[in-house]
J.: 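First the structure, then my questions, so here it is.
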Amino acid sequence: ELAPKGYSRPIPVGLKTKDRNAAVRIASQLYEFTTPSGWVVDMDAGKADQAPLVFYPKGGTWRGSGPNIYIRALFKEGKSLEKIVEDEKEGFQENVAEFEEESSSVGKIKNGKNCITKAITYKPLIQTDSPFSIVSDNVIHEMIGFVDVSENVVLMVVLACHNKEQIKEA
């Protein structure tokens, strides 16, 4: 007979709320987000990417050529906010080319929760059937917010764009 060890993390679930807004439910916690004007929220498109909520401009698509926003829950497992951010950066750098961190700041959001924001650029890698990847020509620009929402969870909110103009407009 097998005895279970450890625990299973709660599965983050995206939900629509009133007035076109959305939320992520993680166990008994609910984190609400305002859908940007002119954008749509999608609870299904980002599931394969572990993103329970994604946002994109009306008429656009998730991972399309326009800007996208996605929310991802990161489980702390005893780590600090800073360590979570460091681990995410290290893991991400291994899967892209020409990674650059353009800026980083530490602060608090309106409700007093700690937050680290970063601006990064990189070139995606295109996987092939061989052991090698192809470096894409396009540069992705991201604004990332890591919000320390509870003793167990950090929410990562990412605005991903294909150029600096999209970042400014979004």
Side-chain angles (χ1 to χ4, degrees), residues 2-36 39-56 62-63 67-125 127 133 140-161 167 170:
L2 294 174
K5 292 187 178 189
Y7 75 101
S8 179
R9 294 180 184 154
I11 297 172
V13 177
L15 308 164
K16 279 191 179 179
T17 61
K18 300 175 188 171
D19 304 325
R20 300 183 326 102
N21 292 325
V24 173
R25 179 178 302 283
I26 305 170
S28 63
Q29 300 294 310
L30 188 70
Y31 305 99
E32 294 191 40
F33 297 88
T34 301
T35 303
W39 289 52
V40 296
V41 60
D42 190 327
M43 281 85 50
D44 296 317
K47 283 184 179 178
D49 298 309
Q50 299 172 350
L53 287 180
V54 301
F55 302 87
Y56 46 84
W62 167 239
R63 299 261 187 218
N68 290 268
I69 297 172
Y70 63 93
I71 315 295
R72 183 174 293 147
L74 307 173
F75 294 92
K76 292 168 121 179
E77 298 175 338
K79 298 177 192 172
S80 68
L81 173 62
E82 293 76 13
K83 180 65 174 152
I84 292 286
V85 172
E86 180 184 318
D87 288 352
E88 274 298 303
K89 178 181 174 180
E90 287 175 10
F92 191 75
Q93 283 179 296
E94 293 174 5
N95 296 299
V96 300
E98 299 181 31
F99 177 92
E100 283 189 45
E101 186 174 303
E102 296 181 340
S103 67
S104 180
S105 65
V106 177
K108 294 186 183 289
I109 60 173
K110 288 181 184 179
N111 66 3
K113 298 288 185 182
N114 291 326
C115 179
I116 296 175
T117 56
K118 295 192 172 283
I120 66 169
T121 60
Y122 61 91
K123 288 187 175 183
L125 295 179
Q127 300 302 317
S133 299
I140 303 296
H141 300 261
E142 290 187 353
M143 298 294 297
I144 308 167
F146 296 89
V147 184
D148 197 353
V149 295
S150 77
E151 66 182 48
N152 297 316
V153 176
V154 169
L155 286 180
M156 183 173 75
V157 181
V158 180
L159 168 62
C161 298
I167 288 274

J.: Nearest 0.5 Å, what's the CG-OG1 distance between L159 and T117?
T.: 12.5 Å

J.: Please report the C-alpha distance between I120 and F92 in whole Å, then the side-chain angles of each, then the deciding distance to 0.1 Å, and finally whether the side-chain contact (heavy atoms from CB on, under 4.5 Å) criterion is met.
T.: CA-CA 11 Å; I120 66 169; F92 191 75; 3.9 Å; yes

J.: Show every donor-acceptor pair shorter than 3.5 Å between a side-chain atom in residues 142-158 and any protein atom, with sequence neighbours excluded, or say none if there are none.
T.:
| residue | atom | partner | partner atom | Å |
| --- | --- | --- | --- | --- |
| E142 | OE2 | Y122 | OH | 2.7 |
| D148 | OD1 | K76 | NZ | 2.6 |
| D148 | OD2 | K76 | NZ | 3.4 |
| S150 | OG | N152 | N | 3.1 |
| S150 | OG | V153 | N | 3.0 |

J.: Kindly write out the residues that satisfy salt bridge (charged side-chain N to carboxylate O under 4.0 Å, His left out) with K79, not counting sequence neighbours, or none if the list is empty.
T.: D87

J.: Rounded to the nearest 0.5 Å, what separation is found between the CD1 atom of I11 and the CD1 atom of I26?
T.: 11.5 Å

J.: Indicate yes or no: at least one non-hydrogen side-chain atom of P124 is less than 4.5 angstrom from one of V96.
T.: no

J.: So, taking the atom named CG in N114 and the one named NZ in K108, what distance separates them when rounded to the nearest 0.5 Å?
T.: 3.5 Å

J.: Where is the tightest heavy-atom contact between P12 and P10, given as atom of each residue plus distance?
T.: CD-O, 3.4 Å

J.: Sequence neighbours excluded, which residues qualify as side-chain hydrogen bond (donor to acceptor under 3.5 Å, both in side chains) partners of T34?
T.: none

J.: Does the side-chain contact (heavy atoms from CB on, under 4.5 Å) test come out yes or no for E88 and L74, once each step is laid out?
T.: CA-CA 9 Å; E88 274 298 303; L74 307 173; 3.6 Å; yes

J.: Got a list of side-chain donor-acceptor pairs under 3.5 Å for residues 41-56, not counting sequence neighbours?
T.:
| residue | atom | partner | partner atom | Å |
| --- | --- | --- | --- | --- |
| D42 | OD1 | D44 | N | 2.8 |
| D42 | OD1 | A45 | N | 3.0 |
| D42 | OD2 | Y56 | OH | 3.0 |
| D44 | OD1 | K47 | NZ | 3.3 |
| D49 | OD2 | W62 | NE1 | 3.3 |

J.: Strictly by side chain to side chain donor-acceptor pair (under 3.5 Å), give each pair with a member in residues 89-99 just once, sequence neighbours left out.
T.: K89-E101

J.: Sequence neighbours excluded, which residues qualify as side-chain hydrogen bond (donor to acceptor under 3.5 Å, both in side chains) partners of S103?
T.: none

J.: Nearest 0.5 Å, what's the CZ-CG distance between R63 and N68?
T.: 7.5 Å

J.: Just so I know, are the side chains of W39 and I69 near enough to count as touching, which here means a heavy-atom distance under 4.5 Å?
T.: yes

